[in-house]
Protein chains: 2
Amino acid sequence: MAADRFIIERDFLIIETTVKKIIVGFAKPLSCHNCRMNNFCLPLGLDADDLDKLEELIERKKPLQPREGVFFSGDPFTSIYAVRSGSIKSFCIDPDGREQVTGFYFPGEIFGWDGLADEHYQNTAIALETTSVCEIPYEQLDDLGNSIPSIQKHMMRLISREINADQRLIALLAGNSAQQKIASLLLSISDRLVKQKLSSTRLWLPMSRGEISNYLGLTVETVSRVLGHFQRKKYLAVNKKEIEILDKQALRDLMLSAEEVE
Amino acid sequence: MAADRFIIERDFLIIETTVKKIIVGFAKPLSCHNCRMNNFCLPLGLDADDLDKLEELIERKKPLQPREGVFFSGDPFTSIYAVRSGSIKSFCIDPDGREQVTGFYFPGEIFGWDGLADEHYQNTAIALETTSVCEIPYEQLDDLGNSIPSIQKHMMRLISREINADQRLIALLAGNSAQQKIASLLLSISDRLVKQKLSSTRLWLPMSRGEISNYLGLTVETVSRVLGHFQRKKYLAVNKKEIEILDKQALRDLMLSAEEVE
DNA sequence: AAATCCAACTGATGTAAATCAACTCAAGGT
DNA sequence: ACCTTGAGTTGATTTACATCAGTTGGATTT
């Protein structure tokens, strides 16, 4: 008990007790200027002046605990969000009550656009791990867009990115085998980790096997078996949620053709 | 040969010869005000003044022949399009060269947003039948949006609709059986025909079985068999591309639960 | 340290849909 | 009137993945 102390990890201010760590806030004042992600997040392509104005409306919330929700299906649409650190899963509930994962979001990626059309979020978004997000109130963003055309244009481009991502997923789901789906997801996550200046080959999956299988339209057993198969073929080294990509080219090749013989 | 004459069908001016009809243009000056679709197309929610300004930039192109392209994957992004009559299929080419249908668009629906993010269309869009579209040059639309906030807001809402549609398709592809996928598509098309003030039960599919199967991640044979099955169960009457929905509730029930026994 | 829990993995079996292979039929061309 | 072509359907067979049924191992509780 006497051992409790404050420490700093990443951007977080943390109380470390003998048994666990509790994130209590940010270690330093946050701004897009000093954000690791500013090269491809919301600020991308904005000049310093516009960025300053945009900054004023961004609210940095206190970090989310794992499984904590950002917004829920049916909530009135108020804001879009950027992942600052950690990861987010977004999912909707089918008419028959089943959950369907529609996306995973990593640092620098924007989520929440789905609520714009009818002013209520269609999806629920929850943190997969300890996660911090930047909230951008839409009404204010919209006002800013009306006075600064470059921000407006930028915003449209960001929404369109979501369309592109969704359509890539559609193509993946409609026309690929279990192996191709999983290879594709791993390569996609790997690419996105590079943007965080992390290793492209050693990755840590924040989501469970169940969440992966749901996202890809498979079962947990199949995901498990395919990962096992990739490991046996020395494409991967798998240790629970830790994955090392040993042969990225083999995974890429898998996307292009039917699998070579065993 | 002497029998050639001009006739008018729908909005089209047509030369009728003894053997075939050729569409040569529009029968009357076109405007959103007199468009059958104005209740839920681009104009939705705009007041008369704003609509007038929007109208000025809309180009009504001469009707497209079946299979004719509107834009092609890789083309520079210039415009978005609204279907005025007929239907459009949009598709992309996978890394491995396969075609993947990403959407079907019916009158009043907008397509082309996918090109916004990187200023080149990701998809190719072609007419499934004789089709007329309204072209809205994006640069001008954007300028108009900058001076008229309501148009801006409206535009964002339209893009978000595309996201919602794509995510519904993701959920359909990831978690449903062949029967559920096909039931869902038919119900969706039926709903959209109602907006054209057409029958919700007698419908004509402008796309081939191959295009349906590709869109839903199935094979032509499966589509054919499921339609046959639905016909035997008296859910549908199928005659090539003509479908009559006999038991809409049965199709809806299919979406909610595993199928009842044969 | 034993008991509980749950995510992940593995094996045996079942099945929905893919694949392979005809066959039908309407449309167009010669 | 005959031949070709391609979309659609139907049947037989195969297969990839789901389902069912344990087992394992790490984390949490008692």
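Convention: sequence-line order gives letters A, B, ...; per-chain numbering from 1.
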More than 12 heavy atoms of other residues, nucleotides or ligands under 6.0 Å from CZ of A:R202: yes or no?
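No, not enclosed.
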Within a reach of under 6.0 Å around NZ of B:K241, are more than 12 heavy atoms found that belong to other residues, nucleotides or ligands?
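Yes, because the 6.0 Å sphere around NZ of B:K241 holds more than 12 heavy atoms from other groups.
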Can you measure [X] atom [atom1] to [N] atom [atom2] for me and round it to whole angstrom units?
X	N	atom1	atom2	answer
B:N214	C:dA18	CG	P	12 Å
A:E242	C:dA8	CD	C1'	15 Å
A:L218	D:dT19	CG	P	11 Å
B:Q180	C:dA16	CD	P	12 Å
B:K181	C:dA18	NZ	C1'	12 Å
A:I182	D:dA16	CD1	P	15 Å
A:L236	C:dA8	CG	C1'	16 Å
A:N239	C:dA8	CG	C1'	12 Å

Quantify the bending of the helix from C:dA1-D:dT30 to C:dT30-D:dA1 as the angle between its end axes, each fitted on five pairs, to 10°.
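For the helix from C:dA1-D:dT30 to C:dT30-D:dA1, the axes at opposite ends meet at about 30°.
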Regarding B:R67 and B:E211, does a basic nitrogen lie under 4.0 Å from an acidic carboxylate oxygen?
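A salt bridge is present here (some side-chain N lies under 4.0 Å from a carboxylate O).
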side-chain contact (heavy atoms from CB on, under 4.5 Å) against B:V220, all qualifying residues, sequence neighbours excluded:
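For B:V220, the residues satisfying side-chain contact (heavy atoms from CB on, under 4.5 Å) (neighbours in sequence not counted) are B:R209, B:S213.
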Do you know the tightest heavy-atom contact between A:I245 and A:S190?
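Scanning both residues completely, I find the closest heavy atoms to be CD1-CB, 4.0 Å.
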Under 30°, 30 to 60°, or over 60°: which ring-plane class applies to A:Y81 and A:F111, parallel, tilted or perpendicular?
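Taking A:F111 first and then A:Y81, their aromatic rings lie parallel (interplane angle under 30°).
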Between protein and nucleic acid, restricted to nucleotides 7-11 of chain D and to nitrogen or oxygen atoms under 3.5 Å apart, what atom pairs and distances do you find?
| residue | atom | partner | partner atom | Å |
| --- | --- | --- | --- | --- |
| D:dG8 | OP2 | B:R209 | N | 3.1 |
| D:dT9 | OP1 | B:R209 | NH2 | 3.0 |
| D:dT9 | OP2 | B:R209 | NE | 2.8 |
| D:dT9 | OP2 | B:S224 | OG | 3.0 |
| D:dT9 | O5' | B:S224 | OG | 3.0 |
| D:dG11 | N7 | B:R225 | NH1 | 2.8 |
| D:dG11 | O6 | B:R225 | NH2 | 3.4 |

Assess whether side chain to side chain donor-acceptor pair (under 3.5 Å) is satisfied between A:N123 and A:S73, documenting all intermediate values.
CA-CA 5 Å; A:N123 289 289; A:S73 174; over 6 Å; no
Compute the ring centroids of A:F91 and A:Y215, then answer whether they are less than 6.0 Å apart.
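For A:F91 and A:Y215, the ring centres are not under 6.0 Å apart.
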Would you say that B:M37 contacts B:P107 through its side chain, given a criterion of any heavy-atom pair below 4.5 Å between the two side chains?
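Answer yes - side chains close enough.
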